[in-house]
Number of protein chains: 2
Amino acid sequence: MNYMRTLKYAILGLLNREPLTGYDIAREFKKDLGEFWTATHSQIYPELKKLLAEGLIVFEVQISGEVLEKKLYSITGQGQKEFLTWLKKDEPMEPTPKDIFRLRMYFSNYMDSATRLQLLEHQLQQHKDRLSHLQTNMLRYDSVPPLESDTFGDYLVLDGAIIREKATIQWLENFIAYCRK
Amino acid sequence: MNYMRTLKYAILGLLNREPLTGYDIAREFKKDLGEFWTATHSQIYPELKKLLAEGLIVFEVQISGEVLEKKLYSITGQGQKEFLTWLKKDEPMEPTPKDIFRLRMYFSNYMDSATRLQLLEHQLQQHKDRLSHLQTNMLRYDSVPPLESDTFGDYLVLDGAIIREKATIQWLENFIAYCRK
DNA sequence: AGTGCCATGTAAGAAGTTACATGATTGA
DNA sequence: TCAATCATGTAACTTCTTACATGGCACT
C-alpha cells in the first residue's frame, strides 16, 4: 500500500521554509500555492498531529495578546530528510485531473443551444476574471526571481496558472465560435 | 449537505446515450472521456447498485457464450430527468485541480540544478508523448462533428486535452530554458 | 495449455468536504 | 460594540484508491 501522503509533504515543504502555525499553513493554501494544491484547516490540524507523532515536526506555544495560545510548528532534521527525499522523486505523470464543466460539455449535445451558450459564456467570464486576477498578482515581479529563492516557486506557479487559464479560455472561445457558426 | 455525486451523473450521461454494462462504463472512462473524468470498476459497480435502488436505471441479464452473465443497464425516465436537470445546471467554477508535479516545482529551489532539470525533462517527455497520442486520436476527425451528435463530445474533450497539453509543454519549456540560461 | 481480455463484485483505508464547536484579538 | 480575522480543534460523510476475490471467453 503506497499512498501519496501529498498533504504531508506540502506541509513539510512549507515548514522547511520557515516556522508556521496551522492557521498560517491554511493561509498559504489560499495564496499562490493554492493554484495547484489546497487543504483547509480540517485536514491540516489532524495532519499536523500525525507529523508530530512521527517526529517530523515540533512546536512551541506562543501567546498572542493576553491569553490566546498558538502553536508555532518547525520542521525537524528527520522531517527535512523525508521532505528532500520526496522532493527529488521522479514519479510518473499523474492521471488527468477531473473537470466537471468539461464532463458536462461532453454531454452537451443533449442541451438546447441557448443553455449551452449561456453556460459557456458564464464559464468564459469566470476564467477571464481569474486570469486578470492572476495577471495582477504577476505585476509584483518586474523580473524572474532567482532560482534559489523561495519566491521563485511563487512566480512559477503563477506563471503556470496564467498559461493554464489562457489555454482554457482559448478552448472555450473556439467552442463558442463553433456554436454560433 | 450538498455533495456533487458527479460519478452518478457521468454514468447516467453514458447510459442516456445507450445501454451499457458496468465493464463497458469502465472502458469509456479509459477512452476520450477519461481525459476529464475517470473511475474504476470498484467505484462503478457500487454506484450502479445505488442508482438501481434510486430507480434511475434498470438492467437486463445477457448471456455471453455458454454461461457468463452480464448486466446490461439502461436509464429510466426518472434517470433521464435527473440527468438533464444536472446537465443544465450553471455551477460556479471549480477550485483549481491539484497537481503534484507543480507542487514539487513550487519547492524546487531546494533541489540541486541537475535533479531539477532531470525531473523537468522527464515530465516534458511524458507530456509530449501524451500530446502525440492525443493528436493521433484526433486524426479520426476530418471535420468537426455536428453539435447534435454523440461524437461531438468526444471531439470536444480531445480538443480540450490537446490545448491543455500544449499549454503544459509551453510552461515546462519556458522553465527549462530559464534553468539552462 | 496459456495469455489477455471480459465480467462482477467486496473490503479496507486514505483523502477530501461540510458542518459542528469554541473562543480571542484587532480595528473601525 | 460589532465585524472581520485570528486560532484550534472534532464529527460525519463522501469520494477515491488499492488490494482482495472469483470465474468465463476467445484466440493462439
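Throughout, a chain's letter reflects where its sequence line sits, starting with A, and its residues are numbered from 1.
When distances are taken from the side chain of B:Val67 to each of D:dC25, D:dT10, C:dT10, the shortest belongs to D:dC25. Side-chain proximity of B:Tyr3 to D:dT10, C:dG16, D:dT5: nearest is C:dG16. Taking the side chain of B:Ser42 as heavy atoms from C-beta on, and the options D:dC25, C:dA11, D:dT8, the nearest nucleotide is C:dA11. Of the listed nucleotides (D:dC6, D:dT10, C:dA7), D:dC6 has the atom at the smallest distance from the side chain of A:Tyr23. Nearest to the side-chain atoms of A:Gln43 among the listed nucleotides C:dA7, C:dT17, D:dT15 stands C:dT17.
Annotation: of the two residues near DNA chain D, A:Lys49 and A:Leu68, the 5′-most nearest-nucleotide partner is A:Leu68. Looking at which nucleotide of DNA chain C each of B:Glu69 and A:Ile63 is closest to, the 5′-most match is held by B:Glu69.
Contacts of B:Thr21 with the nucleic acid, taken as non-hydrogen atoms under 4.0 Å apart, involve only primed sugar atoms and P, OP1 or OP2. Across all strands shown, B:Lys98 has heavy atoms under 4.0 Å from sugar-phosphate atoms exclusively, and none from any base.
Atom-to-atom, OH of B:Tyr45 to C1' of D:dC16 comes out at 17 Å; the value is rounded to the nearest Å. Here the P atom of nucleotide D:dT5 and the NZ atom of A:Lys30 are 10 Å apart, to the nearest Å. Here D:dT8 presents its C1' atom at 14 Å from CD1 of A:Ile11, a figure rounded to the nearest Å. Remark: P of D:dT5 and NE2 of A:His41 are 16 Å apart, rounded to the nearest angstrom. Atom CG in A:Leu52 sits roughly 14 Å away from atom C1' in D:dT8 (whole-Å rounding). In this entry the distance linking CD of A:Glu66 with P of D:dA7 reads 16 Å, nearest Å. Between B:Ile44 atom CD1 and D:dC16 atom P there is a gap of 11 Å when expressed in whole angstrom units. Atom NZ of A:Lys71 and atom P of D:dT8 are 8 Å apart (whole Å).
Aromatic pair A:Phe101/B:Phe36: centroids not less than 6.0 angstrom apart.
Ion pair A:Glu82/A:Lys8 flagged as a salt bridge, since at least one NZ, NE, NH1 or NH2 atom sits closer than 4.0 Å to an Asp/Glu carboxylate oxygen. Between B:Asp32 and B:Arg140 there is a salt bridge, since a side-chain N of the basic residue sits under 4.0 Å from a carboxylate O of the acidic one.
Between A:Phe152 and B:Tyr178, the ring planes lie parallel to each other; the angle is under 30°, not in the 30° to 60° tilted range.
By the 6.0 Å and 45° rule, B:Arg5 does not stack over the aromatic ring of B:Trp86.
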